[in-house]
Every structure is written in C-alpha cells, then in structure tokens.
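Some notes on the structure that comes next.
Proteins get letters first, then strands, A, B, ... in listed order; numbering begins at 1 in each.
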Amino acid sequence: MSILVLADLHEGQLAGATAHVVAAAKAIGGDIDVLIAGEGVQAAADAAAKLDGVSKVRVADNAVYAHQLAEPMGALLVELAGDYTHVLASASTTGKNVLPRLAALKDVSQLSDVIGVESADTFKRSIYAGNAIATVKSDDVLKVMTVRTTAFDAVGDSGSATVEAVDVVVENTQSSFVKQELAQSDRPELGGAKVVISGGRGMGNGDNFKLLNGIADKLGAAVGASRAAVDAGFVPNDMQVGQTGKIVAPDLYIAVGISGAIQHLAGMKDSKVIVAINKDDEAPIFQVADYGLVGDLFEILPELESKL
Amino acid sequence: MKILVAVKRVIDYNVKIRVKADHSDVDLTNVKMAMNPFCEIAVEEAVRLKEKGVATEVVAVSIGPKAAQEQLRTALALGADRALHIETDERAESLAVAKLLAKVVDAEQPGLVILGKQAIDTDNNQTGQMLAALTNLPQGTFASEVAVDGDKVNVTREIDGGLQTIALTLPAIVTTDLRLNEPRYAKLPDIMKAKKKPMDVKTPADYGVEVASKVSLLKVESPAERKGGIKVASVDELIDKLKNEAKVL
Ligand SMILES: Cc1cc2nc3c(=O)[nH]c(=O)nc-3n(C[C@H](O)[C@H](O)[C@H](O)COP(=O)(O)OP(=O)(O)OC[C@H]3O[C@@H](n4cnc5c(N)ncnc54)[C@H](O)[C@@H]3O)c2cc1C
Ligand SMILES: Cc1cc2nc3c(=O)[nH]c(=O)nc-3n(C[C@H](O)[C@H](O)[C@H](O)COP(=O)(O)OP(=O)(O)OC[C@H]3O[C@@H](n4cnc5c(N)ncnc54)[C@H](O)[C@@H]3O)c2cc1C
C-alpha cells in the first residue's frame, strides 16, 4: 500500500492537523508520502519531513498553488494520485474543499470525516451529528478520505524523510484569490487545544467574551462559541464548535451559557471532561457534563478567573 | 441567468435518530423529514438573486424517493420557478448525485448552481465539489457572501482560520454556509401556488447514470453514551473537582 497525505498549511507553515492525518495513514499501513502544495513552502516541507512514519515529502511550490485554491489543487492531486492506493487529508476546510474533486475525477467515492481505521479498506465514520457511527467498506481502487483529526493522536517529530520537488504545474484561469481575513490570536488553535472554553447566546454580547478570555489566558485555553453566538455577531465564524463548525476533543471543555443542542454536542462530546455553566438547571448540556454549575455566568466567571 | 438549486430530503434537524437493533442502519421509520437546512439557504439565495434581477429563473432539483417531491414543493413555495425530480429508491451517494446533477447542468446550462455545503444526515460535505470537478466549473464552497458582478462571482468563504474571498468565472458552483442568509418561511398563498408550478420527473436511467456505489455499509452503531455527571454547588467545589478528581487543572 502507498498513501499520499495532503498537508494542511496555516499561513505557509505546516498546520498541526497533518501529524494526526499521518497517524491515520500509519493505522492503514504502507508507505506514506506527504504532499505540500503552496507558494514559499520550504519550511513547511522541512517540518513535514520530521513527522514519524513519513518516507517522502513531495513539494509543489508554485504561485498557482498559493492559497490552495480548489481547482489547481484538485488537478495536481489527479496528476499524482496514480502512484497511490489511498489519498488522505484532514477534514479541515481545505481538505473538504479539495479532496472531493480528486474523488470525482477518479470516479471513486470519498469517505468523509473518518474516525477509525479497521483495515485498509474498512473505516468508521460518524453520521447524523455523531449520533450514529457507520462502518463502511470501500471497494474503490483508490480510497479518498478526509480524517477527523481529534480521532487520531498526532505522530511524533523525530523522523527524517526525503524531500523531493514536484514539477507538475497546472493552469488555473477559473478562480483567483481576492483577500482573506484571518483571526489573529495568541491562544492555541481550537482543534488542537488541551482546554477549550466556549460561550453561547447566554454571553449576551461580544464584549462579554472577555470574561472567557481572562480564564482562557490562565488555562492556556482556546476560546470557542456556539452557532447562536456566531450568528448573533458576538464572535467570528472560525470560533464555531459543532456539527457544522469545528470538532474539538480537548481534555477539558467548559461550556458557558450554551444550552446543549445536538448540533453543538456533535462538536464537543468526545472531550475528556466537560464542565457546564448555565443558569437553567434543566439545560440539556447538563446531561453530558461531568460537572455542572447552575448559576449566573456574570457572577461565576469573574469568581472563577480570580480563584484559578 | 438561470440558477439551479439542489435540495435534499433529510431527517429534520431537531430529531435525534436511533440506530436499528440489528445495526444495519439508522431507523428512519416515521421520523419527521424536511429540507436539509443548508439547502433552504441555497434556495433562499437563489430567490434573492432573482428578486434583485440578477437571476431570471430558479430551477430546483432533488434526487431521491417519491417523497422528495415534498421538499421540491417547499422550494417552489419559497420562490423557485420549476422543479426537477430524479426519482430513485436506491441509496444515492454523493458521487452518483454529482453525476446526475452534472447531466442536469449540461441540459439546463445554468449560470450558477447553488448547493448546501453538507447534508445533515451523512455530513459528507462533498457533492458540490464533485459536481464542480465533473462539470469542470470553478467552485466557491462554504459561502457566507455571494456577489455576482458581470461574468464573475465573488464568493466569501468561511474557512477554518477566518474568511476568504475568491473570484470565480461564471458559470460556477457555490455551496452555502450558515451565515449566507436567513431563509424565509413559506406563506400559505405561496404554498398553494406552488402546487401548480411545473415539476418534471425523471429517473437516473434517463440520464444513463448508475446509482450503485462501491462503498458498502457494513454496520451502524450508537456512539458510546456519555453519562451525565454531578452538579457542584460552588466555584470552589468546581475547582477542587477539576484539580483532585478529574485532574485536568
Ligand atoms: C443546520 C444547522 C447546523 C447547526 N450547527 C451548529 C453548530 O455547528 N454548532 C452549534 O453550536 N450550533 C449549531 N446549530 C444551532 C443549534 O441548533 C442551536 O441553535 C445552538 O447551538 C444554540 O446556541 P446556544 O446554546 O448558545 O443558545 P441557546 O440555545 O439560546 O442557549 C443559551 C443558554 O444560555 C443560558 N444562559 C442565558 N443567560 C445566562 C446567564 N446569565 N448565565 C448562565 N447561563 C445563561 C440559557 O439558560 C441557555 O441554556 C445548528 C443548527 C442547524 C439547523
Ligand atoms: C456509507 C453510506 C451510507 C448511506 N446510508 C444511507 C441511508 O441509510 N439512507 C439514505 O437515504 N441514504 C444513505 N446514504 C446516501 C446519503 O444519504 C446521501 O444521499 C448521499 O451521500 C449524498 O448526500 P451527501 O450527504 O453526500 O451530500 P453532501 O455532499 O453532504 O450534500 C451537499 C449538498 O448536495 C446537494 N445534494 C446532496 N444530495 C442530494 C440529492 N439527493 N438531491 C439533490 N441535491 C442533493 C444538496 O444541495 C446538499 O445540501 C448513504 C451514503 C453512504 C456513503
């Protein structure tokens, strides 16, 4: 077996997600190559070469791959996929954007959001907002799949893979990058944080999220939100945790002013320890919380921050 | 410009599904079904583009069992002009759906195709991207803003790190994210009118598309049930439990 892992980049650097996808590739077994595609990505390639279990890093460094637009990325993958039995990416917005194009052009299905590897052709994935786990077997010659990073522990970085340039350059006249607004934060990213504290509609407004920020700083936590908080404009979209936002599984998840809708639970119920702070003692979030504290968040949060 | 919107019949988002006792699948008997919420957003966007004079016609298409016509009628009540039902009782997965939609694109020549970013049953998030690849059209996925400008469309996308805006040549494929718009509710007179709007019915065979997939469903299980814990009485007790019992602080 031979597996190609499409690496995730964050502002040109290797994103943490890739070490988890390589772990999923190791569970399948066989030779593992990592593809780094972008512009000015040598540092990312060097970082990928250190990931345990990787034999070769293939680097497509060209302006056409900048911002990893779907059309050129899909075309590049189609060119390379012939060498592999499996192509994997994380279930990030990049993986989700690009991989289905490869699958369609190779006339194979894609398995999305894989959470378990049973064998080289049989996988587990979560469906219906995590309320059911399907075991699926793919008889396609090429297996194309996105991987839920929280389901696989990251590999270490004591490897030394070879790095090799890919000279495939594709054309793209259909799409172009205009601009992006990336959230700037010194806190850990949501997907990889050990502690996450999230606020919901109960926070009242965006300004009140500073009550969470103070605690996050003390705990080294990432700050998340419910869809209601994002829809209301309290915080930006990249903070949404849930079925249709980000999936997190930290050691500690603290839900504040969040009722616990199934779509929110889908994004956090695999956390090791869940704390809920809510003034309604019947809020559904308490059904999944290890520790519930009933009360007004505006009194509880300042007290919690001062006592931590 | 014509807009094609793909709508999928799925379980209502409020329903908590159960797995069948024999683990063959989830149990959908007598479960409330509805239009996939992301598809409602897709229909709304198409109708708004028509109201703004950007689009001239909105065509809704669904692939699925006979009952999917209910969701097509909803799309018509929300403002679509006509509907196309491709009827199949087989489990049509994303690739087959994308192949059928590609044939429809070929026949209808829309300027824009709008789909939901993901269906809330299978959570696949792939049909729009597959359709874009098969039709060789550019894609703007997870859209929170769609601005048609001459022969281009600017799409603002919700990505993991924030927001990204890209420009696509038309025709193009767009998939909707939650913040694109807030769908309207269908009014009673519109629901009545929708009954008279045209609906074509075809089958996958009419398009020469094979629905069967190489992926088989071996079993479906319930996830490990998470048990509720305890209520603590104070912040002090919470900190104590997190330090000494859960050992996460
Ligand atoms: C297609 C679709 C996709 C969705 N995807 C997601 C998703 O990915 N993520 C997501 O989160 N949701 C998602 N949702 C929305 C979801 O159904 C809920 O509407 C949402 O999670 C509710 O957010 P909330 O808990 O913040 O708000 P509410 O349900 O309004 O709850 C607010 C809570 O705050 C508490 N509260 C209020 N004031 C205080 C106070 N002063 N002190 C303490 N507690 C207080 C209240 O008791 C209440 O429990 C989706 C919905 C749909 C239809
Ligand atoms: C392993 C497996 C098990 C399955 N089990 C079942 C099952 O038990 N029961 C069952 O009914 N189906 C089953 N399916 C099929 C599945 O429900 C979907 O029909 C199929 O996967 C396509 O939808 P999606 O979730 O991939 O769409 P996504 O890619 O998540 O959907 C994105 C958008 O594509 C469009 N779209 C998707 N499907 C249609 C459609 N049919 N008509 C029009 N527009 C559409 C919509 O705009 C939608 O918002 C299964 C599929 C797989 C792979």
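Side-chain contact between A:T93 and B:Q164 is absent, with no heavy-atom pair separated by less than 4.5 Å. Here the side chains of A:I262 and B:V15 are not in contact, with every heavy-atom distance at 4.5 Å or above. The shortest side-chain heavy-atom distance between A:V178 and B:T156 does not fall under the 4.5 Å cut-off. Side-chain atoms of A:V275 and B:K241, non-hydrogen and from C-beta on, never get closer than 4.5 Å to each other.
Of the listed residues A:S138, A:G191, A:A266, the one with more heavy-atom pairs under 4.5 angstrom with chain B than any other is A:S138. Note: B:D160 leads B:I166, B:T141, B:D160, B:I17 in heavy-atom pairs under 4.5 Å with chain A. Highest contact tally toward chain A, considering only B:A246, B:A98, B:S222, is held by B:A246 [criterion: heavy-atom pairs under 4.5 Å]. Top candidate by heavy-atom pairs under 4.5 Å with chain B, chosen from A:D251, A:D139, A:D121, A:T135, is A:T135. Of the residues considered (A:G292, A:G74, A:A183, A:S175), A:G292 shows the highest number of contacts with chain B, using heavy-atom pairs under 4.5 Å. Taking chain A as the reference chain and counting heavy-atom pairs below 4.5 Å, the highest number among B:T165, B:L168, B:L170, B:L95 is found for B:T165. For the set A:Q174, A:E11, A:E303, the entry with the most heavy-atom pairs within less than 4.5 Å of chain B is A:Q174. Interface summary for chain A: among B:I239, B:V19, B:V10, the most heavy-atom pairs under 4.5 angstrom belong to B:I239.
In this structure, chain B has heavy atoms under 4.5 Å from both the backbone and the side chain of A:L304. Residue contact with chain B, scored on non-hydrogen atoms closer than 4.5 Å, involves the side chain of A:Q263 exclusively. The part of A:Q240 that comes within reach of chain B is its side chain, from C-beta onward, which places non-hydrogen atoms under 4.5 angstrom from that chain. Heavy-atom distances place the side chain of B:R157, and not its backbone, under 4.5 Å from chain A. When heavy atoms are compared at a cutoff of 4.5 Å, A:K179 approaches chain B by way of both its backbone and its side chain. When heavy atoms are compared at a cutoff of 4.5 Å, A:L190 does not approach chain B at all. Contact annotation for A:A289: only backbone heavy atoms (N, CA, C, O) come within less than 4.5 Å of a heavy atom of chain B. For A:I274, the parts lying under 4.5 angstrom from a heavy atom of chain B are both the backbone and the side chain. Of the two parts of B:N136, the backbone and the side chain both hold a non-hydrogen atom closer than 4.5 Å to a non-hydrogen atom of chain A. Contact of A:K124 with chain B is made through the side chain alone, with heavy-atom distances under 4.5 Å. In this structure, the portions of B:A132 lying under 4.5 Å from any heavy atom of chain A include both its backbone and its side chain. B:L131 does not touch chain A: none of its heavy atoms, backbone or side chain, sits under 4.5 Å away. At a 4.5 Å heavy-atom cutoff, B:V155 makes no contact with chain A through either its backbone or its side chain.
Once rounded to the nearest 0.5 Å, the distance linking CD1 of A:I254 with CG of B:L242 reads 7.0 Å. For the atom pair CG (A:N131) and CG (B:D121), the distance works out to 12.5 Å, reported to the nearest 0.5 Å. Taking OG1 of A:T122 as the reference point, atom NZ of B:K219 lies at 10.0 Å (rounded to 0.5 Å). B:L178 CG to A:T244 OG1: the interatomic distance, rounded to the nearest 0.5 Å, is 4.0 Å. Atom CG in A:D290 sits 4.5 Å away from atom CZ in B:R226 (nearest 0.5 Å). In this structure, the separation between CD on B:E221 and CD1 on A:I133 is 7.5 Å, given to the nearest 0.5 Å.
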A:T146/B:Q126 under side chain to side chain contact (heavy atoms under 4.5 Å, CB included): CA gap, chis, key distance, verdict: CA-CA 11 Å; A:T146 61; B:Q126 39 181 260; over 6 Å; no
Criterion side chain to side chain contact (heavy atoms under 4.5 Å, CB included) on A:K194 and B:V248, from CA distance to verdict: CA-CA 9 Å; A:K194 291 250 178 294; B:V248 285; over 6 Å; no
Worked check of side chain to side chain contact (heavy atoms under 4.5 Å, CB included) between B:T169 and A:T173: CA-CA 8 Å; B:T169 55; A:T173 52; over 6 Å; no
Full working for side-chain hydrogen bond (donor to acceptor under 3.5 Å, both in side chains) between A:S112 and B:N125: CA-CA 7 Å; A:S112 295; B:N125 199 325; over 6 Å; no
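At least one donor-acceptor pair closer than 3.5 Å links the side chain of A:E71 to the backbone N or O of B:Q139. The backbone N or O of B:S94 sits nowhere less than 3.5 Å from a side-chain atom of A:Q110 that would complete a donor-acceptor pair.
A 6.0 Å sphere centred on CD of B:Q109 holds more than 12 heavy atoms belonging to other residues, nucleotides or ligands. No more than 12 heavy-atom neighbours from other residues, nucleotides or ligands sit within 6.0 angstrom of NZ on B:K16. Counting heavy atoms of neighbouring residues, nucleotides and ligands inside a 6.0 Å radius, atom NZ of B:K103 does not exceed 12 of them. Within a 6.0 Å radius of NZ in A:K272, no more than 12 heavy atoms belonging to other residues, nucleotides or ligands are found.
Checked against side chain to side chain donor-acceptor pair (under 3.5 Å), B:E44 has the following partners two or more places apart in sequence or in another chain: B:R48, B:R184.
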Can you list, pair by pair, the side-chain donor-acceptor contacts under 3.5 Å of residues 230-239 of chain A, counting residues two or more places apart and other chains?
{"unit_1": "A:D231", "atom_1": "OD1", "unit_2": "B:R179", "atom_2": "NH1", "d": "2.9"}
{"unit_1": "A:D231", "atom_1": "OD2", "unit_2": "A:R227", "atom_2": "NE", "d": "2.7"}
{"unit_1": "A:D231", "atom_1": "OD2", "unit_2": "A:R227", "atom_2": "NH2", "d": "3.3"}
{"unit_1": "A:N237", "atom_1": "ND2", "unit_2": "B:G162", "atom_2": "O", "d": "3.3"}

Which atom pairs, one a donor and one an acceptor, fall under 3.5 Å between side chains of residues 102-109 of chain A and the rest of the protein, sequence neighbours left out?
{"unit_1": "A:D107", "atom_1": "OD1", "unit_2": "B:K99", "atom_2": "NZ", "d": "2.7"}
{"unit_1": "A:S109", "atom_1": "OG", "unit_2": "B:E93", "atom_2": "OE1", "d": "3.3"}
{"unit_1": "A:S109", "atom_1": "OG", "unit_2": "B:E93", "atom_2": "OE2", "d": "2.9"}

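Residues B:M130 and A:P100 approach most closely at CG-O, 3.4 Å, considering heavy atoms.
Residues of residues 227-236 of chain B lying within less than 4.5 angstrom of chain A, judged on heavy atoms, are B:K227, B:G228, B:G229, B:I230, B:K231, B:V232, B:A233, B:S234, B:V235, B:D236 in numerical order.
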